[in-house]
Structures are given as structure tokens and as C-alpha cells.
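Some notes on the structure that comes next.
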2 protein chains.
Amino acid sequence: MRIGELSERTGTPRRLLRYYEEQGLLVASRAPNGYRDYSEGCVNRVLQIRGLLDSGLPTRIIKQILPCINDPRAIHVSDATPETIATLENERQRMTDRIECLLRSREAISGYLDAVRRESAVAA
Amino acid sequence: MRIGELSERTGTPRRLLRYYEEQGLLVASRAPNGYRDYSEGCVNRVLQIRGLLDSGLPTRIIKQILPCINDPRAIHVSDATPETIATLENERQRMTDRIECLLRSREAISGYLDAVRRESAVAA
DNA sequence: TCAAACCCTCACATAGGTGTGAATGTCAAG
DNA sequence: CTTGACATTCACACCTATGTGAGGGTTTGA
């Protein structure tokens, strides 16, 4: 598919799809006329990228994480340097921290919203 | 406590503590000489701020979320405009999305790391 | 054939969080 | 009294993700 379709299906500006490619997060083959040609799997890939970006991860890290997600069972362990492993372990820990922080905050918000609802129920 | 101590105890540059105050995330009283004077609770507050920032939330949103967390049971429902409520509900959903994205990715990383470990165990 | 819609690259601009340093004031210790 | 550590404000600079538009080529349909 071309960039316009991918853009629509993922709700992502074309500008960013090109940017993600430039950052090495996304690959697209080229049609004879130079147009980008995306595979079907790119849709989920882009959604994953956006989710991680929105969760505070920089593209540099996402680039290292994506192979773990993307390669379905076809894991190339060989090209995993100890350095990459260390990065991944470190990043997993940071994700855990983020998750816990978000869970706590979400709980707090929920508690607050419940209280508000109770109050407005009383007022009504 | 003064800014230096808070900085050390939270691992946060002074510059940022001042920035958080400027953004309305953090309040500090002032000593007669003009120095900021932080309460004990600021330590956790700063850690929470940093966690949320690292999870992709902008200060503008954190500012609205903090009262839910900070005010221990003393919830001022009265000053919660419908607009704020809507923001909070929306933001809670976004947090849920983030959490799910992070959980998925963490699972994937774990799976990958496990595979690597199995492989290196075989090679050994 | 012409217009509209799509694609390309290039490049400057913006916003938010953060780094860094200047110029200055305060305070404790030698 | 002076030095050094710590505080203040102000301001410029940076990085990264994103907005926006110029200038130009390609495809599609009237």
C-alpha cells in the first residue's frame, strides 16, 4: 500500500511515516516511480511505534525493541550483542517502572472520579 | 528542606525543580532570604512527576492529575469543573492504552530475552 | 489535455523538557 | 573579612517529535 493509505489506516501524518523510516523504525520498498510501498504488517508496526512513543520511549530505543515484537518466533539470537541484551534488560526495567507509575496514577484518578460521582449523586 | 537536598533525594537537577514549580506542579514556600523551602511530601511528589513525565505525559496534564494523587482523601470535588472531569476521564483512558502497550512490549522483550538465554545455554 | 489527487525531497519552524552559564545574593567556616 | 557552597533569576541553546510549506514529478479521471 502507499503512504496515503497507511496514513489513514493508522491515523498518522505522512510526515511521520517518513520520519519513522528515516529513523530506521519502518521499512518500505519502492515502486518503480519512487513511491513507498508498505506491506500489510506495517499497520500494526506503526501503531506499536506510536504507542511506544506516546509512552515516552525515544525512537532510538524503539528501534531496538521492535525486532523482539515484530519477528514472529523467527528470532535472530545471533545478532544480539551483549550490549543490546543489556539495553533490553535495562529498558524492560524502565517499562516496568513506567507501568507501575501509570497504574498508581490511574488508580488515583479513578478514586477521584468515583468520589466526584458520589458527590454529584448526593447533590442531585 | 532547601532545593539542594530535594535535588539529591530525588535525583533531579535543581533546574528542573524550578521548572516544575514554574509549571505549577510543585509549590515551595520561601524562607526570609528568598530560598525555596520544600515540605517533606515534595520528595514523593517529585518522583511522581518524573515518573509521569517519563511516561509521556506533559506537565499540563500532570498538573491536573496531581491533585487526585496528592490530596489524601481531602478531595475538593467542588472545584472540579465538568471540563476537568472530562480531561481526567480522557487521560485515564490514554493511560490505560499506554499501560497495555507497555505490557505487550515488555512481554515481547521478556520472550526475546528468554530465547537468547536458552540459546546461550545451549551454546555453553 | 487538463485538473485533482497523490507522491517525492528538502528545509525551515515549533514546542516541551532539559542543559548550561552568567550575574548576583546569602550564609557558614576559617 | 574572605572564601566556598548554596541560593536566586534570566536567558540562550539543545534535542526530539512534529507541523508546514515550497517546488516538483506521477497517476487518475473528466
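Proteins come first, then strands; the chains are lettered A, B, ... in the order of their sequence lines, and each starts at number 1. Fair warning: this is a prediction, and the values are worked out from it, not measured in the lab.
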| field | Residue whose nearest DNA chain C nucleotide is more 5′ - B/Arg2 or B/Ile62 | value |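 The answer here is B/Ile62.
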Reckon [X] has a side-chain N or O less than 4.0 Å from the OP1 or OP2 of [N]?
| X | N | value |
| --- | --- | --- |
| B/Asn33 | D/dT8 | no |
| A/Arg50 | D/dT18 | yes |
| B/Tyr20 | C/dG17 | no |
| A/Arg36 | C/dT9 | yes |
| B/Arg60 | C/dG16 | no |
| A/Tyr35 | C/dC8 | no |
| B/Thr59 | C/dG17 | yes |
| B/Arg30 | D/dT9 | yes |
| A/Arg18 | C/dC8 | yes |

| B/Asn44/B/Gln48 under side chain to side chain donor-acceptor pair (under 3.5 Å): CA gap, chis, key distance, verdict | CA-CA 6 Å; B/Asn44 281 327; B/Gln48 189 78 18; over 6 Å; no
Please state how far atom [atom1] in [X] lies from atom [atom2] in [N], giving the value in whole angstrom units.
| X | N | atom1 | atom2 | value |
| --- | --- | --- | --- | --- |
| A/Arg15 | C/dA13 | CZ | C1' | 11 Å |
| A/Ile3 | C/dT9 | CD1 | C1' | 12 Å |
| B/Gln23 | C/dG17 | CD | C1' | 9 Å |
| B/Leu17 | D/dC6 | CG | C1' | 14 Å |
| A/Glu21 | C/dC8 | CD | C1' | 12 Å |
| A/Tyr19 | D/dT16 | OH | P | 7 Å |
| B/Glu22 | D/dT8 | CD | C1' | 14 Å |
| A/Arg14 | C/dT9 | CZ | P | 14 Å |

| What distance separates A/Asp54 CG from B/Leu57 CG, expressed to the nearest 0.5 Å? |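 If we round to the nearest 0.5 Å, A/Asp54:CG and B/Leu57:CG are 8.0 Å apart.
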| task | Calculate, to the nearest 0.5 Å, the distance between atoms CG and CD1 belonging to B/Leu17 and B/Ile49 respectively. | result |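 Here the rounded value is 8.5 Å.
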| said: With a sphere of 6.0 Å drawn around CD of B/Glu8, does it hold more than 12 non-hydrogen atoms of other residues, nucleotides or ligands? | reply: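 Atom CD in B/Glu8 is not packed in, count stays at 12 or less.
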| So does B/Glu40 pair up with B/Arg9, basic N to acidic O under 4.0 Å? |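 Yes, B/Glu40 and B/Arg9 are salt-bridged.
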